[in-house]
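Order of appearance sets the numbers: ligands from 1, and atoms from 1 within every ligand.
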Amino acid sequence: MEKPKLIINGKRLDGRDFEELRPIKIQVDVLKRADGSCYLEMGKNKIIAAVYGPREVHPRHLQDPSKAVIRYRYNMAPFSVEERKKPGPDRRSIEISKVSREALEPVIMKELFPRSGIDVFVEVLQADAGTRTACLNAASVALIDAGVMMKGIITSVAVAKVDGHIVLDPMKEEDFYGEADLPVAFLIRNDKIESIALLQMDGKMSVDEVKEGIKLAKKGAMQIYKLQREAIMKKYMEDEEKEEV
Ligand code: ADP
């Protein structure tokens with residue numbers, strides 16, 4: 001199929017400016033059986049994250065006597081994409097699970113939970129590019145909801161090069177037809193971006209464009225971070241109100 005024009009009159013196909021995020025919705029504590037959970041929408045992406053633990057690890061030989069073992073499972077529902085996706089893990093979801101776990105591990109205070117396990121499940125109910133970033137945002141909130149001690153929060157967003165422009169939070173058409181896609185996750189501590197926890201890229205960008213992209217991703221991440229915080233605060237305010245009654 002021929003590549004469509006992705007930028008028309010200085011606007012993107014969905015009407016956004018280059019530096020604009022898709023609408024985001026975050027809801028905390030949506031699953032009763034999980035220790036922590038989050039439902040998150042980022043544009044047309046719809047994600048559920050569930051956290052179980054800290055709890056005993058099975059099988060036992062996987063236990064670590066000095067710290068908690070973190071497991072992260074990213075899964076795309078068969079109905080999440082236009083053409084039905086074959087159910088179950090594939091190379092892509094195994095890779096996304098691995099890099100996402102590695103992004104979260106440094107923020108979790110694993111040493112506080114020796115021999116235990118923390119399981120993070122993220123399910124993509126609807127996908128529209130940027131699912132790994134949306135899942136990380138949801139997983140971070142669900143971890144906090146579960147009461148897991150954290151050194152900060154992980155906030156993630158992608159940037160892309162589209163018709164020669166660096167844009168924030170690409171949607172499917174931009175991801176598919178654009179020149180490059182660069183998902184980033186940041187560790188945010190005390191309201192400041194402290195470090196990069198994940199950085200991937202496919203396609204081609206100059207070194208300067210990558211620098212510009214990371215700068216833009218930082219701006220986007222701070223906006224997402226605010227929404228993550230607000231969602232968590234809202235839930236705790238509600239809990240307190242309930243206790244007062
Ligand atoms: P991300 O979702 O993190 O951007 P990719 O760049 O691999 O990851 O995928 C981009 C988008 O392509 C996904 O969000 C989804 O909309 C679509 N996609 C990925 N895998 C499949 C698949 N197996 N079948 C159909 N669409 C897919």
Side-chain angles (χ1 to χ4, degrees), residues 1 3-4 6 12-14 16 18-26 38-49 72-104 120-142 154-163 165-187 196-205 209-210 213-214 216-218 220-221 223-224 228:
M1 200 175 131
K3 174 186 169 300
L6 297 168
R12 297 157 71 180
L13 289 185
D14 56 4
R16 275 186 295 159
F18 299 163
E19 306 202 346
E20 199 177 332
L21 290 167
R22 290 175 282 186
I24 294 175
K25 187 176 146 188
I26 305 177
C38 173
Y39 171 73
L40 183 143
E41 288 180 9
M42 223 169 145
K44 291 185 203 146
N45 291 308
K46 295 188 177 186
I47 314 291
I48 286 265
Y72 188 100
R73 195 192 72 173
Y74 164 101
N75 184 53
M76 259 182 148
F79 51 80
S80 64
V81 288
E82 269 158 43
E83 301 276 317
R84 178 180 175 277
K85 187 203 161 280
K86 202 165 149 257
D90 51 21
R91 276 182 60 178
R92 175 179 170 278
S93 62
I94 292 168
E95 187 225 318
I96 293 178
S97 299
K98 177 181 182 287
V99 295
S100 304
R101 173 177 52 76
E102 287 171 352
L104 284 171
V120 184
F121 297 94
V122 286
E123 295 287 323
V124 179
L125 306 178
Q126 188 169 283
D128 193 61
T131 57
R132 77 195 63 201
T133 63
C135 285
L136 270 172
N137 294 331
S140 291
V141 171
I154 293 293
T155 303
S156 181
V157 70
V159 289
K161 183 173 173 186
V162 168
D163 289 0
H165 299 277
I166 305 299
V167 301
L168 183 63
D169 189 21
M171 35 91 170
K172 175 92 185 303
E173 290 78 0
E174 293 172 330
D175 178 282
F176 201 76
Y177 296 107
E179 295 94 289
D181 174 37
L182 185 137
V184 200
F186 298 100
L187 194 172
I196 291 179
L198 173 145
L199 182 67
Q200 298 184 291
M201 189 175 104
D202 59 66
K204 195 166 162 245
M205 275 192 199
E209 284 166 343
V210 170
I214 292 175
L216 181 56
K218 276 169 105 173
Q223 293 173 43
I224 298 169
Q228 286 174 304

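- Within a 6.0 Å sphere centred on NZ of Lys85, other residues, nucleotides and ligands contribute more than 12 heavy atoms.
- Protein heavy atom in closest approach to atom 7 (O) of ligand 1: Arg92 NE, 2.7 Å.
- At a 4.0 Å heavy-atom cut-off, ligand 1 touches Arg132 through backbone and side chain alike.
- Per-residue contacts place Ala127 under 4.0 angstrom from the following atoms of ligand 1 (heavy atoms of the residue considered): 14 (O), 15 (C), 16 (O).
- Atom 6 (O) of ligand 1 has as its closest protein heavy atom Asp175 OD2, 3.5 Å.
- With hydrogens and angles disregarded, no donor-acceptor distance shorter than 3.5 Å links the side chain of Gln223 to the backbone of Gly220.
- Here the heavy atom of the protein found nearest to atom 13 (C) of ligand 1 is Ala129 N, 3.8 Å.
- Looking at Met76 against ligand 1, only its side chain comes within 4.0 Å, counting heavy atoms.
- When hydrogens are left out, the protein atom nearest atom 17 (C) of ligand 1 is Lys172 CE, 3.9 Å; that is the closest non-hydrogen contact.
- Looking at ligand 1, you'll find an N or O of Thr131 within less than 3.5 Å of one of its N or O atoms.
- Under 4.0 angstrom from ligand 1, the non-hydrogen atoms of Asp128 all belong to its backbone.
- Ranking the protein heavy atoms by distance from atom 24 (N) of ligand 1 puts Val81 CG2, 3.7 Å first.
- The protein heavy-atom contact nearest to atom 4 (O) of ligand 1 is Gly130 N, 2.7 Å.
- Among protein heavy atoms, atom 23 (N) of ligand 1 sits closest to Lys85 CG, 3.8 Å.
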